[in-house]
Protein chains: 2
Amino acid sequence: MSEKIPRTVSKRLVSYYMCLEKLLDEGVEVISSEELARRLDLKASQIRKDLSYFGEFGRRGVGYKVEFLYNRIGEIIGVQKEWKIVLVGAGNIGRAIANYAAMREKGFKILAAFDNDPQKLGTEIAPGILVRDVRELEDFVRENNVEIGIVAVPAEAAQEVAERLEKGGIVGILNFAPVKLKTTVPVENVDITASLRVLTFEIVRRRG
Amino acid sequence: MSEKIPRTVSKRLVSYYMCLEKLLDEGVEVISSEELARRLDLKASQIRKDLSYFGEFGRRGVGYKVEFLYNRIGEIIGVQKEWKIVLVGAGNIGRAIANYAAMREKGFKILAAFDNDPQKLGTEIAPGILVRDVRELEDFVRENNVEIGIVAVPAEAAQEVAERLEKGGIVGILNFAPVKLKTTVPVENVDITASLRVLTFEIVRRRG
DNA sequence: TAGATTGTTAATCGATTAACAATC
DNA sequence: TAGATTGTTAATCGATTAACAATC
């Protein structure tokens, strides 16, 4: 354990966590790396290697206790606490995110939404989530110790929004705008059009 | 050119295409691999290597003609035609996708939406996109030669929907449900909760 | 021509996997 | 104990990068 961790393990660790959540739900108490690999379509040795970066969580000859491993991985990836979030952009995507119940259940709490459309200000984009003036963004983030900003504004506005989030003290950004944000904090991108293009490329490739 | 193409180039090729689109918009006519790399935060040699799998598109001592390269990559990744799409699931995410104007502009045409909620049937989820009964899904896909299915239903229903799409003759799936679909056709996944978890993992990692 | 930049090779780097000793 | 499965090493595989000859 405790070498340099490959960048690729982050995504897999998250997928282990989600799979263990499901197993917990199914009432499975112990699982082997082999069986977990089968479910995730990976190699068992890869799972064991990935876990070994962080410690020893299993029992030889037996496997992994689902609940124990779930909790350990949860600690590693930072699941324990509630994350405070602001949503910037109250358009279609913003509304979809705000109404996405699963997020709240999993510890992601959207404190407020922001937009620059006067028509939308003061309305509720989702139950309990008020739309505020984007000019208040920086102050709100600072005053409420918001940790994550979700950027759901048009591409042209995204970089500026990111900068204001950073100035407010945000520590991570989930970006839905199709631009590469220049920031010092980590950014995860969700780009639907790009995903569709990767998909269609794969389709034409298979056609030969 | 024409060796086996690394799986990682797909995503990059798409990002080259999107960047060239922007350059075209800015009126840039010629670009070097060095400058393109700077914009995409990659190494110039990687871009040249990636392109070399598909042919020779540049001019030594000069660079790449933006429009020419844009068109060539467009051909490679399958941009030329209009892709016919159905959307399954008329909830919040479905509605956001249906109303996402950029998709239509980029050649992704949603022919219809499907849901099992009687309340929604016959309504328009977006201008010109009717909500139909999910029981008609397979026939509709077959009759209209639909190529891509977007799955925006709850996790429990996703696998069944995927199977019906496949039976109808779909050739690719964009999946928003947090499950690993078992299919024979290519699938691209968009999982917002998973993206948030990868982001928060990165945040706690940087905190040390 | 001289300077610039490609296309491609070969070296490096990093990630995956097989194999197996340790051990429950 | 015998059988099973982990944790870890070492081998393999694949992807990135530096370097440079080709050439515009």
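Order of the sequence lines fixes the chain letters, A, B, ..., with proteins taken first and strands second; residue numbering starts at 1 for each chain.
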Using whole Å, report how far [atom1] of [X] lies from [atom2] of [N].
| X | N | atom1 | atom2 | result |
| --- | --- | --- | --- | --- |
| Ile47(B) | dT17(D) | CD1 | C1' | 13 Å |
| Asp50(B) | dT8(C) | CG | P | 13 Å |
| Phe54(A) | dG7(D) | CZ | P | 14 Å |
| Lys49(B) | dT17(D) | NZ | P | 13 Å |
| Gln46(A) | dC13(D) | CD | P | 16 Å |
| Leu51(A) | dT6(D) | CG | P | 10 Å |
| Leu69(A) | dT5(D) | CG | P | 16 Å |

* To do: Tell me, please, which residues at least two apart from Glu143(B) pass salt bridge (charged side-chain N to carboxylate O under 4.0 Å, His left out).
  =>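 Scan of Glu143(B) (salt bridge (charged side-chain N to carboxylate O under 4.0 Å, His left out), adjacent residues dropped) gives none.
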* With Arg12(A), which residues qualify under salt bridge (charged side-chain N to carboxylate O under 4.0 Å, His left out), at least two apart? ->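 Arg12(A) satisfies salt bridge (charged side-chain N to carboxylate O under 4.0 Å, His left out) with Asp50(A) once adjacent residues are dropped.
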* Give the B/S/- string for nucleotides 19-24 of chain C, one per nucleotide from 5' to 3', where a protein heavy atom under 4.0 Å of the base yields B, of only the sugar-phosphate yields S, and otherwise -. => BB-BBB
* Ignoring hydrogens and angles, tell me if any N or O in the side chain of Glu147(A) forms a donor-acceptor pair with the backbone of Lys84(A) under 3.5 Å. => yes
Donor-acceptor contacts, no H, no angles, side chain residues 86-100 of chain B, under 3.5 Å, sequence neighbours left out:
residue: Asn99(B); atom: ND2; partner: Arg95(B); partner atom: O; Å: 2.8
residue: Asn99(B); atom: ND2; partner: Ile125(B); partner atom: O; Å: 3.2

* **Side-chain N,O (Tyr53(A)) to OP1/OP2 (dA15(C)) below 4.0 Å** =>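 Tyr53(A) to dA15(C) OP1/OP2: no side-chain N or O under 4.0 Å.
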* To do: Please list all pairs passing the salt bridge (charged side-chain N to carboxylate O under 4.0 Å, His left out) test where one or both residues lie in residues 13-23 of chain B, with sequence neighbours left out.
  => Glu21(B)-Lys106(B)
* To do: Quick one: which residue pairs count as a salt bridge (charged side-chain N to carboxylate O under 4.0 Å, His left out) with a foot in residues 166-190 of chain B, not counting sequence neighbours?
  =>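 Passing the test, one end in residues 166-190 of chain B: no pairs.
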* To do: Flag yes if more than 12 heavy atoms outside Glu34(B) fall under 6.0 Å of its CD atom; otherwise flag no.
  =>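 Check fails, neighbour count at 12 or below.
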* Glu67(A) atom CD, neighbour heavy-atom count above 12 within 6.0 Å -> no
* Structure fact -> Numerically ordered, the residues 16-43 of chain A set in heavy-atom contact under 4.0 Å with DNA chain D is Ser32(A), Ser33(A)
* Asked: What are the residues of residues 6-15 of chain B, sorted by number, that bring a heavy atom to within less than 4.0 Å of DNA chain D?
  ->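 Output list: Pro6(B), Arg7(B), Thr8(B), Arg12(B).
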* Would you kindly check if the NZ (Lys) or CZ (Arg) of Arg72(A) is within the cone defined by 45 degrees around the ring axis of Phe68(A) and under 6.0 Å from the six-membered ring centre? => yes
* To do: Please list all pairs passing the side-chain hydrogen bond (donor to acceptor under 3.5 Å, both in side chains) test where one or both residues lie in residues 23-33 of chain A, with sequence neighbours left out.
  => Glu26(A)-Arg39(A), Ser33(A)-Arg48(A)
* **Glu160(A) and Arg164(A): CA distance, side-chain angles, deciding distance, salt bridge (Lys or Arg N to Asp or Glu O under 4.0 Å) verdict** => CA-CA 6 Å; Glu160(A) 200 207 315; Arg164(A) 294 172 69 171; 3.5 Å; yes
Name the atoms and distances for all side-chain donor-acceptor pairs under 3.5 Å in residues 201-208 of chain B, with sequence neighbours left out.
residue: Glu202(B); atom: OE2; partner: Arg206(B); partner atom: NE; Å: 3.2
residue: Arg205(B); atom: NH1; partner: Ser10(A); partner atom: OG; Å: 2.7
residue: Arg206(B); atom: NH1; partner: Thr184(A); partner atom: O; Å: 3.0

* Can you tell me which stems DNA chain C forms when a stem means 3 or more consecutive Watson-Crick or G-U pairs under 3.5 Å? -> C:3-24 with D:3-24
Side-chain polar contacts of residues 133-141 of chain B - donor-acceptor pairs under 3.5 angstrom, sequence neighbours left out - could you list them?
residue: Asp133(B); atom: OD1; partner: Arg135(B); partner atom: N; Å: 2.8
residue: Asp133(B); atom: OD1; partner: Arg135(B); partner atom: NE; Å: 3.2
residue: Asp133(B); atom: OD2; partner: Arg135(B); partner atom: NE; Å: 3.3
residue: Asp133(B); atom: OD2; partner: Arg135(B); partner atom: NH2; Å: 2.7
residue: Glu136(B); atom: OE1; partner: Arg132(B); partner atom: NH1; Å: 3.3
residue: Glu138(B); atom: OE2; partner: Arg142(B); partner atom: NH2; Å: 3.4

